[in-house]
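Hydrogens, waters and symmetry mates are skipped; everything else that's a heavy atom, side chains included, is used.
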2 protein chains.
Amino acid sequence: MDSLQQLKKDFDEVSDFLIALGDEKRQSIIITLLQADNCKGLRVIDLTDATQLSRPAVSHHLKILKQVGLIDMRSEGTKNYYFLSHSTTEIDKLKKLLNHVTTIIEKTVKTK
Amino acid sequence: MDSLQQLKKDFDEVSDFLIALGDEKRQSIIITLLQADNCKGLRVIDLTDATQLSRPAVSHHLKILKQVGLIDMRSEGTKNYYFLSHSTTEIDKLKKLLNHVTTIIEKTVKTK
DNA sequence: ATTAATGGTTTAAACAAACGAACGAATGGT
DNA sequence: ACCATTCGTTCGTTTGTTTAAACCATTAAT
């Protein structure tokens, strides 16, 4: 497959991830989870306290973060515990793309 | 400085970059520039042809991409040539943040 | 100087995202 | 069985983004 075509596909695959990660509110959720992930996860209410967002807003953002594989969930009765996904697949995919782009740019600069 | 506080700052600094990079239209512009950057850059009209966007739309997206340091411009009379920025500072910043996050996640998994 | 070409900007409209209020579903306790 | 708790979802509103049409500024050419 054409390297350019591959690049197009790679970009497309990380689009949602980038959008999810670019939002300030979602960043606060991520940071809150990062600092608390030594325990078993946080509930929606914990996150509303920490981020100053309403419950529906937190719920909405958690859904988006879950869709892109950044976080995971575990239910205990009515209680849902959210935590950062233990797999870094999506992050790795983005890192790879960034490396690819950097390589092309550096090659271009050298050719100049 | 608190490592967490640092993380918060790092996230904040790449927000605009992530948002800029997440948009599909802007991705097509970037890809077009990537594949053509062996020459001296592309003009707005070249990009409208390649991306199927109107001239004002291209202009708008170029402005955003320029603001986050992803692309640069060179004027020759009335003609503006756009090309990918030769410095990868922003990309490197994002890579560093991703590494930081990955480190925290992996540490957490191990502790479990 | 006048005209043509290039491209940035402003404005208004279409579109999408984010939010809170209210509602609904499921579980747990009394 | 009943009520409280937890959390997701739907709905309408607000807010922000994206876009094209029209306009303006600059340069180049005759």
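Among the nucleotides D:dA21, D:dT18, C:dA18, the one closest to the side chain of B:H61 is D:dT18. Minimum atom distance to the side chain of B:H60 is reached by D:dT19, of the listed D:dT19, C:dT6, D:dC7.
Between B:N80 and C:dG8 there is a side-chain polar atom (N or O) within less than 4.0 angstrom of OP1 or OP2. Remark: B:Y82 is not in phosphate contact with C:dT6, judged by side-chain N or O atoms under 4.0 Å from OP1 or OP2. Applying the 4.0 Å criterion to OP1 and OP2 of C:dG8, one finds that B:S59 has a side-chain N or O inside that range. Proximity of B:R55 to the phosphate of D:dT19: no side-chain N or O atom is located under 4.0 Å from OP1 or OP2.
Distance, B:K66 NZ to C:dG7 C1': 11 Å, rounded to whole Å. At whole-Å resolution of the value, NZ in B:K79 and P in C:dA5 are 12 Å apart. Here the C1' atom of nucleotide C:dG8 and the CG atom of B:L65 are 16 Å apart, to the nearest Å. Taking atom CZ on B:R43 and atom C1' on D:dA28, their separation rounds to 13 Å, with Å as the unit. Rounding to whole angstrom units, NZ of residue B:K25 and C1' of C:dA16 are separated by 12 Å. Following rounding to the nearest Å, B:I45 (CD1) and C:dG8 (P) show an atom-to-atom distance of 11 Å. When rounded to the nearest whole Å, the span between CD of B:Q67 and C1' of C:dT9 equals 14 Å. Taking atom CG of B:L62 as the reference point, atom C1' of D:dT18 lies 14 Å away to the nearest angstrom.
Residue A:K66 comes nearest to A:M73 through the heavy atom pair NZ-SD, 4.1 Å, listed as atom of the first residue, atom of the second, then distance. Taking both residues in full, the closest heavy atoms of B:L21 and B:Q27 are given as O-NE2, 3.1 Å, listed atom of the first, atom of the second, then distance.
Along DNA chain C, the nucleotide nearest to A:P56 and the one nearest to A:E76 differ in position, and the one closer to the 5' end is contacted by A:P56.
Put simply, the residue from A:L62, A:L65, A:I29 that forms a side chain to side chain contact (heavy atoms under 4.5 Å, CB included) with A:L70 is A:L65.
Between A:F11 and B:I30 the shortest side-chain heavy-atom distance falls below 4.5 Å.
One N or O on the side chain of B:D46 and one on the backbone of B:R43 form a donor-acceptor pair closer than 3.5 Å.
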